[in-house]
Q: 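Got a structure for you, written out below as structure tokens; questions coming shortly.
In what follows, chains carry the letters A, B, and so on, assigned in the order in which the sequence lines appear, proteins first and then strands, with residues in each chain numbered from 1. Given the structure is predicted, the values throughout are model-derived calculations rather than measurements.
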2 protein chains.
Amino acid sequence: MKPKLTLKQIARELDVSISTVSKALRDSSEIGEETRKKIKAFAKLYNYRPNNIALSLKNRKTKTIGIIIPEIVHYFFTTVISGVEQVANEMGYNVIVCLSNNSFDKEVLNLEMLANGSTDGFILSLAKETMQKEDYHHLTEVTNQGMPVVLFDRVVDEIHCDKVIIDDVIGAKKAVQYLLDKGSKKIGLVSTVDYVSVGKLRTRGYLEVLRENNVEIDDKLILKIEDMDNSETEIKDFIDKNEVDAVFAVNEHFAIYAIKAIQEKGLKVPEDVSVIGFTDGELSKRFIPSLTTVSQHGERMGAEAARLLIDKLERKPEEEESYRTVIVETNLIERNSTKL
Amino acid sequence: MKPKLTLKQIARELDVSISTVSKALRDSSEIGEETRKKIKAFAKLYNYRPNNIALSLKNRKTKTIGIIIPEIVHYFFTTVISGVEQVANEMGYNVIVCLSNNSFDKEVLNLEMLANGSTDGFILSLAKETMQKEDYHHLTEVTNQGMPVVLFDRVVDEIHCDKVIIDDVIGAKKAVQYLLDKGSKKIGLVSTVDYVSVGKLRTRGYLEVLRENNVEIDDKLILKIEDMDNSETEIKDFIDKNEVDAVFAVNEHFAIYAIKAIQEKGLKVPEDVSVIGFTDGELSKRFIPSLTTVSQHGERMGAEAARLLIDKLERKPEEEESYRTVIVETNLIERNSTKL
């Protein structure tokens, strides 16, 4: 029996990207007419069936929710899954998890697989590469056809759907204001590159609160990590080169690396330098000094996302369609990495 | 349109367990004839279609692997998923993850969902409750019908399939021998209850190596945690009540709790008491003192499991069926929680 052709195989055979195949099959004008024709002819020849979302919606009773996350070895995302599971189970839904590994192509392929009749709707946090490319056609396509999608944490305005976010700007402002209140004057920021929405928002919070307090912004005190694999070295260099009396890091790993670098420089945390992280994982709790942190409440975010999705799934057709954004409040957990 | 009936709904309607429905539909003699008849009649009335594995096998080309794990907020399992992903992606397979949350019923439901044509085979680590019940009918059923299954970490002899394990006994022996070699005489063990296979095997390693070294076994120095939520308190009591000069803990959380309890008792790690953990997560690496640990190599286990499964999926029908058990070697990583 001939195996079913996938997007990936078509892309490989015709030596074009998965995104090109996906767009061509949806007749996107972004793709030149000739390429579009070639791809569609090839797909037809091999009986490729694109997502028949309309059909699967008619039979929509898989009672299964799909989650697509960018990373799995990551405490925050596992707590979100845990929150989705709890609500889904209470409401009689199964949950399937897929990973994009921060790859745009894998996100497209996962969506193709899960939209093909095995789930009723999705909960998704965007892959880094997707945000970098700013290519959301796979998601807008799905939502346009009426398949419910809830985005969480890494969201963008371009996709119209329900969303669950935290108040990243306010969370960051709380952290930096706290440091200012304790007397810190030279506060370093360890963030991610700007195309990661949460990194950008937390950076905005840092800048806003400094301005509000009339503290001069020194670009040298802002580090934006591009390559996660190299983050420990980059943070060490940053700490070695700059004199700071506090560090605000946008995740707990960056915070721990900062503490190590500060200690290796012969300084003490929190006596010489205070450090605040983001996310509240095991590491934050158990590290010595335990980490003062902005808590993201992953489990609560997952639960909210599941509620939004199931609400949509169980909505009567005559009810009006509308999108909601739930903001889960952060709070600052004071521990031992900041001055009392 | 009438929603498709699920195992769970039949169980609820007839007020019997999911396991009873599952067994009755498979005509198991464990279920009384009257109950069996009633369940089958009900299922027929509502057009319930049990897993048609034979059918899905014929069309087996979903190119998708299912993983069912007991817990998600758990570093070891996330690294296994990561290992499966890497190999699966290289070989052109997608991966779907489901959680049993250590519940037997959820494991049965997940299996039902994934075996229904959406995956070609499974990689699974057993739920605690399944091992406690010793009820494996859902898995033997699937394997008997020729659907490839690979068990990892939490495995049992009763299920005939490919398996990936670590040498838990040898890993534990390495750890305890190391403590003895450094002069420890009263070594406490913090383990789990015996129905968790890995806890049992690591306990066996501890006992074996003490016997081999003619060290008297003191039952008071063995703690078996039943309730994970209460583990921190139980470990604190255990450390407070007993005089030990070393602790071997079967996971990194138990090890960290032990270190905290030892420090709160006014003793030092490793000067007064050495501590060794199992698994090599972020916590082990970053904790101060960093934790000497038996590394479980989750990623390698996941990669091996994926290779075994894909081998089976791509085996030609005429090749002889055989089962393999791959043992991934552990090694002791020396850090600062044990004497030099």
Q: What part of I256(A) lies closer than 4.5 angstrom to a heavy atom of chain B: side chain, backbone, both or neither?
A: side chain

Q: So how far is it from I72(B) CD1 to I67(A) CD1, rounded to the nearest 0.5 Å?
A: 8.5 Å

Q: Determine whether E252(B) and R286(A) make a side-chain contact, defined as any pair of heavy atoms from C-beta on separated by less than 4.5 Å.
A: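 A side-chain contact under 4.5 Å is absent here.
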
Q: Quick one: closest heavy-atom pair of I96(A) and M113(B), and the distance?
A: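 Closest pair (atom of I96(A), atom of M113(B), distance): CG1-CE, 3.9 Å.
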
Q: Hey, could you give me the SG/CD distance between C98(B) and E85(A), rounded to the nearest 0.5 Å?
A: 8.0 Å

Q: Report, in residue-number order, which members of residues 74-84 of chain B are under 4.5 Å from chain A by heavy-atom distance.
A: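 Expected list: Y75(B), T78(B), T79(B), I81(B), S82(B).
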
Q: Under the salt bridge (charged side-chain N to carboxylate O under 4.0 Å, His left out) rule, collect the residues that match up with D280(A), sequence neighbours excluded.
A: R335(A)

Q: Quick check on N89(A) against chain B: is it the side chain, the backbone, both or neither that has a heavy atom closer than 4.5 Å?
A: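 Both parts, heavy atoms under 4.5 Å.
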
Q: Is it true that atom CG of N230(B) has more than 12 heavy atoms of other residues, nucleotides or ligands lying nearer than 6.0 Å?
A: yes

Q: Which residues pass the salt bridge (charged side-chain N to carboxylate O under 4.0 Å, His left out) test with E107(A), sequence neighbours left out?
A: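 Partners of E107(A) by the salt bridge (charged side-chain N to carboxylate O under 4.0 Å, His left out) criterion come out as none, since no residue qualifies.
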
Q: Taking K106(B), E71(B), K260(B), H253(B) one by one, which has the highest count of heavy-atom pairs under 4.5 Å against chain A?
A: K106(B)

Q: Given that the side chain runs from C-beta out, which part of V73(A) has a heavy atom under 4.5 Å from chain B: side chain, backbone, both or neither?
A: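 Looking at V73(A), backbone and side chain both touch chain B.
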
Q: Name the option with the most non-hydrogen atom pairs under 4.5 Å to chain B; the candidates are N101(A), L114(A), L109(A).
A: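 Heavy-atom pair counts peak at N101(A).
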
Q: Who in residues 265-279 of chain B is close to chain A, using a strict under-4.5 Å heavy-atom cut-off?
A: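 Within residues 265-279 of chain B, no residue comes under 4.5 Å of chain A, counting heavy atoms only.
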
Q: Supply the atom-to-atom distance I288(B) CD1 to Q263(A) CD, rounded to the nearest 0.5 angstrom.
A: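 Spacing of CD1 (I288(B)) from CD (Q263(A)) equals 5.0 Å.
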
